[in-house]
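Take a look at the structure set out below.
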Amino acid sequence: MNADFFRNVGVVLVKEVIDALRDRRTLLRLMVPAVLMGPLLLLALSGLISSLEERAEKREVMVAGMDHAPTLRNFLERQTYTVKAAPPDYEAQLRKSTLLEPVLVIGVGFEAELLAGERPSIELVSDSSNQRASSGVSGLKRLLQGFNQERATLSLALRGVSTDLLQAVSVDDRDLASVQARATRITVIIPMFIIMAVLYGALTAALDSTAGERERGSLEPLLTNPVQHLALVLGKWFAVATLGMAVALIASLSFIPAQWFLRSDSLQAMFQFGIPEVIAFLLLQLPLAAGLGAVLMALAIRSKTFKEAQAGSGLIITLVGLAPMVSMLNPGGDVPWYLWVPGLSQNTLMMLVLKGETLTLAQVFPSVLVGALLTLSCMLYVAHSMRSAVAR
Amino acid sequence: MIEIVNVSKQFAVSGPAKPFRRVPKQTIHAVRNVTLSAPNGRITGLLGPNGAGKTTTLRMLGALFQPDSGTIAVDGIAVAQEPRQALARMGILGDAHGLYPRLTARENVVYFGRLQGMDSDTAHARAQELSRLLDMASILDRRAEGFSQGERMKTALARALVHDPANIVLDEPTNGLDVLATRALREALRYLKSPEGGSKCIVFSTHIMPEVQQLCEHVVVMAQGRSVAEGTVEELLAQTGQTQFEDAFVKLAFEAHDTGATV
């Protein structure tokens, strides 16, 4: 390796970047989803959360058969709740998700049974496939528990028994999660979009500079230049990784204006995504952009056409793009091997950044090592395959 | 100066496909003991029917793959041993000559100039010079996307000649060109061969006889992977006892070597 080698890498890099940037239509199709998708999802989520918050503030209960339970009504009203009558077809509405809150169903004999001490039952109706309705269930349960407790306390007090007996243990809540950590319940989707942005940014460039070059018949003339094959490959790879990083940068930046529009005040307070986070995110993407760019090029150099390469890369894109799902389906259960899997490791590390934690070298090192190894092996493979790709 | 001595190349190709069965590989002798010597200041034609092994020979010359046996040297540099030094002395317009559609003709030419080790200014100056020689001023700053066949060929040729190589290798360059474009190309090649144009060594493969008659001082006839005859057009006519070059070619390429069927 000498100055000549690096000069050639630079020449190829500049040409590939210019070539990719001239492809306006492809760029546009790449940028629009990268820039819009994440923020739009964030906005939708914030809408959902703010409507939940509104409901908590509204203090309303939907009841069918309130007239059968004056004592309960008295309790609810003392807790400053407003009682709303449930529509007659509440079951059907809940199933269709047109009714968005759970319904309390009270039987005809409720009041008499309650007074006789016969433990009347109340039905708490919701539909677990109706997310908004089922999220209201726990609040209602707490409310009914309060009613139970009040009744029990009264009965015991009448008999001269201390109410402390009802609570052998007193429970105090202490939440250790920082404000940002709580927000990650919602922001868990952001890293996935950044990873997707890297993949799609690198994908077209990787395929165009290998399989595309072959399909156009420009790879053969390129190889008749007295340039080391590794220099050609490295120049192309630099361009691919750069484009992946550029799209990731734009996608990350798009979350900054997105948070100005967050409708939920509490979410806005919790979700802090500024320039330091963007920089941390980008640094974490470097091994992914480098490693996957190289893998995609290695896959594509064996393909005769762009289309063939695209079909071949589909699996990689899906696997890496959906890797974050592993940790989403298993929240809080991060396992050490996550840090060794491309895509999953970036997701895990970005979640830590969002939680406001400091990353240690031991956490970052595996992804860097994996990225470097992938890059090195794939680059050597592509350099080796280029000539035989043309010779066939 | 290009010297190809006794070069052979065989390929393994798949036979007819059969479902659920391994297809046995067949061996094709693409090139068998081909010898060609092209001195400077001369246009050497490589004439042969389709599938005669012309492209395979020229691709070995371009270091895309190595011959099984025999040697190829460019200005005394062995292609197999020092491919990059040899490539620096050659301008190759191969069978595949795709351009970058999103770059202009000038950018296409300059890119290859830079890869040939030229600095940016020299490469640009050279692109300008070639645009005069090949009459491509009107397309120089247009993107290659919408180029006609002739414009594409001119750009590809300019790209191959950007480093002013002493040896020029052209594989069927007139394919798909109209009369005017072919004429222009012929003029350009004549100029490059002449002392004013630098007395280049030009190797030119084709299956079109009039082109050979009009352009080449020396002809090597290839058939079924072998070089079957060589000489000037007149010598080949005399050798076969024909008056028409086409008849001479058919005799040389198809009749004399019927026995040498592909194994």
Side-chain angles (χ1 to χ4, degrees), chain A residues 2-27 204-205 208-236 239 304-306 384-392, chain B residues 9 11-13 30 55-56 58-66 74 77 79 82-104 107-108 110-120 123 143-145 152 155-157 159-160 162-163 165 169 171:
Chain A
N2 44 25
D4 193 37
F5 180 88
F6 292 109
R7 186 189 152 277
N8 288 335
V9 171
V11 169
V12 177
L13 168 65
V14 169
K15 179 260 159 190
E16 291 293 339
V17 169
I18 291 176
D19 202 352
L21 292 182
R22 293 257 174 97
D23 195 357
R24 289 282 151 77
R25 283 152 60 106
T26 309
L27 270 190
T204 35
D208 195 57
S209 63
T210 48
E213 184 118 49
R214 235 180 120 178
E215 190 174 10
R216 282 194 300 267
S218 54
L219 187 58
E220 190 178 318
L222 183 64
L223 294 183
T224 57
N225 288 304
V227 180
Q228 305 88 334
H229 289 187
L230 195 61
L232 291 178
V233 175
L234 281 181
K236 285 166 180 288
K304 288 199 180 95
T305 62
F306 198 91
H384 178 77
S385 303
M386 234 169 16
R387 198 193 302 243
S388 57
V390 171
R392 270 179 297 154
Chain B
K9 179 76 189 173
F11 292 109
V13 295
T55 297
T56 307
L58 295 184
R59 290 176 105 195
M60 284 189 280
L61 176 57
L64 286 175
F65 41 80
Q66 295 214 350
V74 177
I77 301 166
V79 174
E82 294 174 287
R84 288 201 284 125
Q85 282 82 340
L87 283 173
R89 306 204 54 83
M90 277 189 284
I92 300 175
L93 180 67
D95 173 34
H97 48 263
L99 303 171
Y100 298 104
R102 289 185 291 274
L103 300 189
T104 63
E107 285 166 334
N108 268 293
V110 169
Y111 178 46
F112 271 45
R114 302 276 289 142
L115 289 178
Q116 285 284 358
M118 304 164 80
D119 64 55
S120 181
R143 286 199 195 177
E145 225 147 14
R152 232 174 283 153
T155 313
L157 183 60
R159 190 172 71 171
V162 63
H163 54 302
V169 180
D171 190 5

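In what follows, chains carry the letters A, B, and so on, assigned in the order in which the sequence lines appear, proteins first and then strands, with residues in each chain numbered from 1.
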State, to 0.1 Å, how close [X] and [Y] come at their nearest heavy-atom pair, and which atoms those are.
X: Leu219(A); Y: Arg214(A); value: CD2-CG, 3.8 Å
X: Ala63(B); Y: Pro83(B); value: CB-CB, 4.0 Å
X: Pro221(A); Y: His97(B); value: CG-CA, 4.0 Å
X: Asp208(A); Y: Arg102(B); value: OD2-NH2, 2.8 Å
X: Leu115(B); Y: Val227(A); value: O-CG2, 3.2 Å

Worksheet entry | chain A contact via Gln85(B) - which portion, at a heavy-atom distance below 4.5 Å |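 Contact with chain A is absent: no heavy atom of Gln85(B) under 4.5 Å.
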Worksheet item: What part of Leu103(B) gets closer than 4.5 Å to chain A, counting heavy atoms only: side chain, backbone, both or neither?
Response: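 It is both, since atoms from each part get that close.
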Part of [X] lying under 4.5 Å from any heavy atom of chain B:
X: Val14(A); result: neither
X: Glu213(A); result: side chain
X: Leu222(A); result: both

Discussion item. Donor-acceptor check, side chain of Asp171(B) to backbone of Thr55(B), threshold 3.5 angstrom: yes or no?
Written reply: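 Looks like no, no N/O pair under 3.5 Å.
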Practice prompt. Pick whichever of Glu215(A), Gln228(A), Arg22(A), Glu220(A) has the most heavy-atom pairs under 4.5 Å with chain B.
Written response: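 Result: the option with the highest number of such pairs is Arg22(A).
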Discussion item. Can you tell me which of Gly212(A), Ala20(A), Pro226(A) forms the most heavy-atom pairs within a distance under 4.5 Å of chain B?
Written reply: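 Looking at each of Gly212(A), Ala20(A), Pro226(A) in turn, Pro226(A) comes out on top.
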Worksheet item: Among Gly94(B), Gly117(B), Gly91(B), Ala160(B), which residue forms the greatest number of heavy-atom pairs with chain A at distances under 4.5 Å?
Response: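 Among Gly94(B), Gly117(B), Gly91(B), Ala160(B), the one with the most close pairs to chain A is Gly117(B).
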